[in-house]
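Report on the structure given below.
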Amino acid sequence: QESQAARAIALGGENSIRVVQRAFAPTKGASLRKAVIAAAFLFAAFTALCAGLLRILLRRGYVTADATARSLELPVLATAPVKRSMA
């Protein structure tokens, strides 16, 4: 039975393959330089946007005295300079 099945597959296999279009090498090469540069620029812009948003959203405190007064709806009487660590 196995040999009969193998013979049937071998005989039927010749007619099951047909060439639709012959393969050929491209006559003119295409450069992907512009696409790669555009993709790199978009990736850099997206990364910069994400970094800026993270910096804004993870910042402690308020940016200016006016922003504090507007957010808290209270008057700001005095401000103190921010001490920056050396680390």
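We number each residue from 1, following the sequence as shown.
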| field | side-chain hydrogen bond (donor to acceptor under 3.5 Å, both in side chains) partners of Ser3, counting only residues at least two apart | value | Arg7
Would you be so kind as to tabulate the donor-acceptor pairs closer than 3.5 Å made by side chains of residues 30-54, with sequence neighbours excluded?
residue: Ser31; atom: OG; partner: Arg33; partner atom: N; Å: 3.2
residue: Thr47; atom: OG1; partner: Phe43; partner atom: O; Å: 2.8

| said: Please determine whether the number of non-hydrogen atoms from other residues, nucleotides or ligands lying under 6.0 Å from atom CZ of Arg55 exceeds 12. | reply: no
| Passing option when Arg70 is tested against Thr68, Leu74, Asp66 for side-chain contact (heavy atoms from CB on, under 4.5 Å) | Asp66
| field | Cluster companions of Val76 among Ile, Leu, Val, Met, Phe, Trp, Tyr (side-chain spacing under 4.5 Å) | value |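 Members besides Val76: none; it forms no cluster.
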